[in-house]
Amino acid sequence: MGESSKGKPSAKNVVKKSPASTKKNIKKMKRKVKTKKTMKNSQFSKTMKVPPGSGGGQKWTTLEHNGVIFPPPYKPHGVKMLYNGQPVDLTPEQEEVATMFAVMKDTEYATMQTFIDNFFTDWRKILGKNHIIKKFELCDFTPIYEWHLREKEKKKQMTSEEKKALREEKLKQEDKYMWAVVNGVKEKVGNFRVEPPGLFRGRGKHPKMGKLKRRIKPSDITINIGRGAPVPECPIPGESWKEIKHDNTVTWLAFWNDPISQKDFKYVFLAASSSLKGQSDKEKYEKSRKLKDHIQNIRDNYTKDFRSKDETKRQIAVATYLIDKLALRAGNEKDDDEAETVGCCTLKIDNVTCLPPNKIQFDFLGKDSIRYFNTVEVEELVYKAIEGFHRGKPPGYDLFDKLDTTRLNAHLKDLMPGLTAKVFRTYNASITLDDILHKETEDGTLLEKIAVYQRANKEVAIICNHQRSVSKSHESQMTRLNEKIDDLKAQRDELKVDLGKAKKGKPLGNDKDGKPKKNSPPEQIEKKIAAIETKIEKMEMDKKIKEDLKTVALGTSKINYLDPRITVAWCKRHEVPIEKIFNKSLLAKFGWAMDVDPEFRF
DNA sequence: ATAATAACTTAGAACCCGTAAT
DNA sequence: ATTACGGGTTCTAAGTTATTAT
């Protein structure tokens, strides 16, 4: 379908083209642009080749580490699946892949045709063409699935001591891989475990879901390490690394080609708590703070261009407006062997609906195929411009057909050094947090202050469209909460009746077991009622928050978008222990932000 | 100028495990 | 003691952007 993405209406029916030409012929339609302007008065872009903090592109001077650890070899279980009702013999290699599929029985994937087809195609390659297994419909993986359930149960039944012992054993094995020494400082490695083989789990309608992700061998892996440092010993006897590099302009310790997409790599990096990552994190936030000094100029600039005669300029202006106002992602082109998702530059006509007189409705699948659905009021000129971009284009056609992320970012760089589309998201998120915290924090209890923080956090998550799927048990949890509340209300009402009687000096009647209730003074009953009222209020509040947040993911913005210095400074000013907001990993990740001045403003 | 590649950040789901509720 | 819940951790997919090749 890639053919379509740029040009014709979402041509699902278009014939797949030759593999070589996958994504880029897409661009043809939008070419005309003739961007003579792009590079003109760029006051900044020519200078500043190198990012400020990094010393000429050099990322480290010495680097030592122990390479990566591989998953254990496959251990056959010997449980026979059925084909056409009969048990079949499988080699360990064949059984391994069958098991990968079998254990996914209770996931959504197991029901998806693409997943099944891709799995079966790859599995049959391993079965060989003369194998008795020919049709997926005749396969019965249940015996293997049940074996898997038994194994899971066994694991669950282990005592916590056994589990602990197992964990410590693993830790001991992995200990040496967990650490690197960078410029003489011991740092944690992020992902030192090589990804185990499995069936590819793409998000959304991913055309490759279910494909076999083959086992990675040492000969797939390139190691990057300091010149003086010992090359890590290959952990699998008799095998060896693909290549050893000594490149101090990059931060990766190792990589291999992604077996699902040969052109992609899987990298091993340092952990988020490392100073290398911390430094670049800090630079990210410093850059987005700089945007404050330019934002007025940028807004004036694009507002002016809303009425430009030059359609390219108008498209850039409107796209920048959307990125600024709605924190949309840039939106790169995608290959046709990926899920069809879009960002700002790749929005299609049918993702964006004009609702007179001045509202725009957005409805599209963004990163991870998460739906973005939002209706916003826009200025008249924006509305008119978007109407204009629709004109004469069929559904499936690009809204911004004269734009792509490169052109957009080139334009942004002219407005501020180093400015790119994603900076707006960071800026938007962080300044929103800073604003809300300053406006809404009052002298109150610790709990109230934390609630303010969470509200702000939620606001940001909604702006950034950070979603999570509702937990399977959400509904039953809500029902239970409601029952509890009803129960409390009943108790309260009964107490009210009691109170009335008590005030008149009448006996209180019987409790639910039929025994007469002990008489209590009215004041005591009133107290009880008040206590229950408070409890009800609290539960109603909990319920509301739970319902409110059932699809909102707060973590993503905390980890990636909110300048931690805003949070740390706020905690200092309001005597909130930082541990109430940041967990252990965030504290480690944001070590660089801890000594911030309490008066820090984003 | 455009396309391909490389390197890095951002993302939600799955899993795991301690603790609160029963 | 047992289960349920939810926070934290791990996993790896899916983005963005800078650089390099054509």
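This structure is a prediction, so every number in the text was calculated from the model and none was measured. Chain letters run A, B, ... following the sequence lines, proteins first and then strands; every chain starts at 1.
Neither OP1 nor OP2 of dT17(C) sits under 4.0 Å from any side-chain N or O of T405(A). For the pair R167(A) and dC17(B), the criterion of a side-chain N or O lying under 4.0 Å from OP1 or OP2 is met. N409(A) has a side-chain polar atom (N or O) that falls below the 4.0 Å cut-off from OP1 or OP2 of dT17(C). Contact check, Y267(A) against dT9(B): no side-chain N or O comes under 4.0 Å of OP1 or OP2. Residue Q477(A) places at least one side-chain N or O under 4.0 Å from the OP1 or OP2 atom of dG6(C). Contact check, H466(A) against dA11(B): a side-chain N or O comes under 4.0 Å of OP1 or OP2. Of the side-chain N and O atoms in R193(A), one or more sit less than 4.0 angstrom from OP1 or OP2 of dC11(C). Between dG12(B) and T556(A), a contact under 4.0 Å exists linking OP1 or OP2 to a side-chain N or O. The shortest distance between the side-chain N/O atoms of N583(A) and the OP1/OP2 oxygens of dG8(C) is below 4.0 Å. An OP1 or OP2 oxygen of dT9(B) is reached within less than 4.0 angstrom by no side-chain nitrogen or oxygen of K367(A). Within the structure, every side-chain polar atom (N or O) of R329(A) is placed at least 4.0 Å from both OP1 and OP2 of dA14(C). Residue T420(A) has no polar side-chain atom (N or O) positioned under 4.0 Å from OP1 or OP2 of dT16(C). Close to dA14(C), at under 4.0 Å from its OP1 or OP2, lies no side-chain N or O of S369(A).
Across all strands shown, G331(A) has heavy atoms under 4.0 Å from sugar-phosphate atoms exclusively, and none from any base. Using a 4.0 Å heavy-atom criterion, one finds that F269(A) contacts the bases of the nucleic acid, with or without backbone contacts as well. Within the nucleic acid shown, A339(A) has no heavy atom closer than 4.0 Å to any nucleic acid atom. Within 4.0 Å of S471(A), counting heavy atoms only, lies no atom of the nucleic acid at all. Here K546(A) lies in heavy-atom contact (under 4.0 Å) with sugar-phosphate atoms only. Using a 4.0 Å heavy-atom cutoff across all strands shown, K156(A) reaches no nucleic acid atom at all. Using a 4.0 Å heavy-atom criterion, one finds that G343(A) contacts no nucleic acid atom at all. The residue K155(A) sits apart from the nucleic acid: no heavy atom pair falls under 4.0 Å. Nucleic acid contact for D281(A): none, since no nucleic acid atom lies under 4.0 Å from a heavy atom of the residue.
Looking at M178(A) and D175(A), their side chains come closer than 4.5 Å, going by heavy atoms from C-beta outward.
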Criterion side-chain hydrogen bond (donor to acceptor under 3.5 Å, both in side chains) on K334(A) and T341(A), from CA distance to verdict: CA-CA 8 Å; K334(A) 297 196 72 188; T341(A) 61; 3.1 Å; yes
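Scanning all heavy atoms of the two residues, the minimum distance from G67(A) to Y177(A) falls at O-CD2, 3.7 Å. The two atoms that bring V194(A) and P71(A) nearest to each other are O-CD, 3.7 Å, heavy atoms only.
Taking 3.5 Å as the limit, the base of dT10(B) and the side chain of K422(A) contain no donor-acceptor pair of atoms between them.
The distance between atom NZ of K484(A) and atom C1' of dC5(C), rounded to the nearest whole Å, is 11 Å. The nearest whole Å value for the distance from the CG atom in N465(A) to the P atom in dA14(C) is 17 Å.
Remark: of the listed residues R214(A), K242(A), R215(A), R214(A) is the sole one forming a side chain to side chain donor-acceptor pair (under 3.5 Å) with D220(A).
If you find the closest nucleotide of DNA chain C to E195(A) and to A330(A), the one lying nearer the 5' end belongs to E195(A). Two residues, R468(A) and N191(A), neighbour DNA chain C, and the one matched to the more 5' nucleotide by heavy-atom proximity is R468(A).
Salt-bridge annotation for K584(A) and E579(A): absent, with no side-chain N of the basic residue lying under 4.0 Å from a carboxylate O of the acidic one.
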